[in-house]
Amino acid sequence: QVQLVESGGGLVQPGDSLGLSCAASERTFRNYAAGWFRQTPGKEREVVAAITWNGGVTYYADSVKGRFTISRDNAKNTVYLQMNNLKPEDTAIYYCSARFGRDSGTYYTTERAYDNWGQGTQVTVSS
């Protein structure tokens, strides 16, 4: 198990960029696949992006493809989400997630696949 702490949320205008970070408590985070999810009131949590334990393979939801980039630095026990050209519909609470797994090329895109979650960080896109 790892503890995850997100940071970097805030209020931005449409078209702006914002970077989120997720710091893990353990060096063993390098053995975990990771993901970013988001949730708005009254809706289910949805996957935004996912990444394998070594960063070799990534996944993006269609709604963010070409605008968001997930990456990780295992030396810093941190996974990132760079968000560009933000839209009002990107407004949500963003959560970092992790699941132990070093299977080559394996990432996870469902909420139930993950057993480690951060507390969430609010991202608001509004003019």
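Every value quoted in this text rests on a predicted model; they were computed, and no experiment measured them.
Between Asp62 and Lys65 there is a salt bridge, with a side-chain nitrogen of the basic residue lying less than 4.0 Å from a carboxylate oxygen of the acidic one.
Of the inter-residue distances, the one linking Glu6 atom CD with Gln122 atom CD reads 12.0 Å to the nearest 0.5 angstrom. The line from CD1 of Ile51 to OH of Tyr80 is 11.0 Å long, rounded to the nearest 0.5 Å. Atom OG of Ser17 is separated from atom CD of Gln82 by 5.5 Å, given to the nearest 0.5 angstrom. Residue Asn31 holds its CG atom at 8.5 Å from CG of Asn74, rounded to the nearest 0.5 Å. Atom-to-atom distance recorded for Cys22:SG and Phe29:CZ is 5.5 Å, nearest 0.5 angstrom. Taking OG1 of Thr109 as the reference point, atom OH of Tyr114 lies at 7.5 Å (rounded to 0.5 Å).
When every heavy atom of Ala33 is checked against every heavy atom of Thr106, the shortest pair comes out as CB-O, 4.1 Å. The nearest pair of heavy atoms linking Arg99 to Asp115 is CA-OD1, 3.9 Å. When all heavy atoms of Tyr108 and Ala50 are compared, the closest pair comes out as O-CB, 3.4 Å. When all heavy atoms of Asn85 and Arg67 are compared, the pair lying nearest together is O-NH1, 3.0 Å. Across Gly9 and Leu20, no two heavy atoms sit closer than the pair N-CD2, 3.6 Å. Across Gly101 and Trp53, no two heavy atoms sit closer than the pair O-CB, 3.4 Å.
Met83 has its side chain out of reach of Asp16: every pair of non-hydrogen atoms, C-beta onward, lies at least 4.5 Å apart. Using a 4.5 Å heavy-atom threshold, the side chains of Thr110 and Val47 count as separate. Taking 4.5 Å as the limit, every side-chain heavy atom of Val125 sits out of range of all side-chain heavy atoms of Gln13. Side-chain contact between Val79 and Cys96: present, with at least one pair of heavy atoms (C-beta onward) separated by less than 4.5 Å. Looking at heavy atoms from C-beta onward, Thr52 lies out of side-chain contact with Arg102 at the 4.5 angstrom threshold. Residues Glu46 and Gln39 fail the side-chain proximity criterion, which asks for heavy atoms closer than 4.5 Å. In this structure the side chain of Tyr94 reaches within 4.5 angstrom of the side chain of Leu81, judged on heavy atoms. Inter-residue side-chain proximity for Tyr60 and Val48 is flagged as unmet; no heavy-atom pair is nearer than 4.5 Å.
By the neighbour-count criterion of 12 heavy atoms within 6.0 Å, atom CD of Gln3 is sparsely surrounded, having that number or fewer from other residues, nucleotides or ligands. The number of heavy atoms from other shown groups lying within 6.0 Å of CD (Glu44) does not exceed 12. Around atom CZ of Arg27, no more than 12 heavy atoms belonging to other residues, nucleotides or ligands sit under 6.0 Å away.
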Which is it for Lys76 and Ser21 under the side chain to side chain contact (heavy atoms under 4.5 Å, CB included) test, yes or no, and what are the steps along the way? CA-CA 11 Å; Lys76 296 182 178 179; Ser21 298; over 6 Å; no
If you apply the rule side chain to side chain contact (heavy atoms under 4.5 Å, CB included), what do you find for Asn116 with Tyr32, and how did you get there? CA-CA 10 Å; Asn116 298 276; Tyr32 287 67; 3.7 Å; yes
Walk me through whether Gln119 and Val5 qualify under side chain to side chain contact (heavy atoms under 4.5 Å, CB included). CA-CA 7 Å; Gln119 82 288 349; Val5 179; 4.3 Å; yes
For a ring pair (Phe, Tyr, Trp, His ring centres under 6.0 Å) check, start with the C-alpha distance between Phe37 and Tyr95, then their side-chain angles and the critical distance, and finish with the verdict. CA-CA 5 Å; Phe37 286 71; Tyr95 297 90; 8.7 Å; no
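Phe100 and Leu4 fall within a single hydrophobic cluster, where Ile, Leu, Val, Met, Phe, Trp and Tyr side chains are chained together by heavy-atom contacts under 4.5 Å. When hydrophobic clusters are built by joining Ile, Leu, Val, Met, Phe, Trp and Tyr residues whose side-chain heavy atoms come closer than 4.5 Å, directly or via intermediates, Trp36 is grouped together with Val123.
For the side chain to side chain contact (heavy atoms under 4.5 Å, CB included) with Thr91, the qualifying choice from Thr124, Thr40, Leu86 is Thr124, the only one to do so.
Judged by distance alone, the side chain of Asn77 and the main-chain N or O of Ala23 form no donor-acceptor pair under 3.5 Å.
For the pair Arg45 and Trp117, the cation-pi test (distance below 6.0 Å, angle within 45°) is passed.
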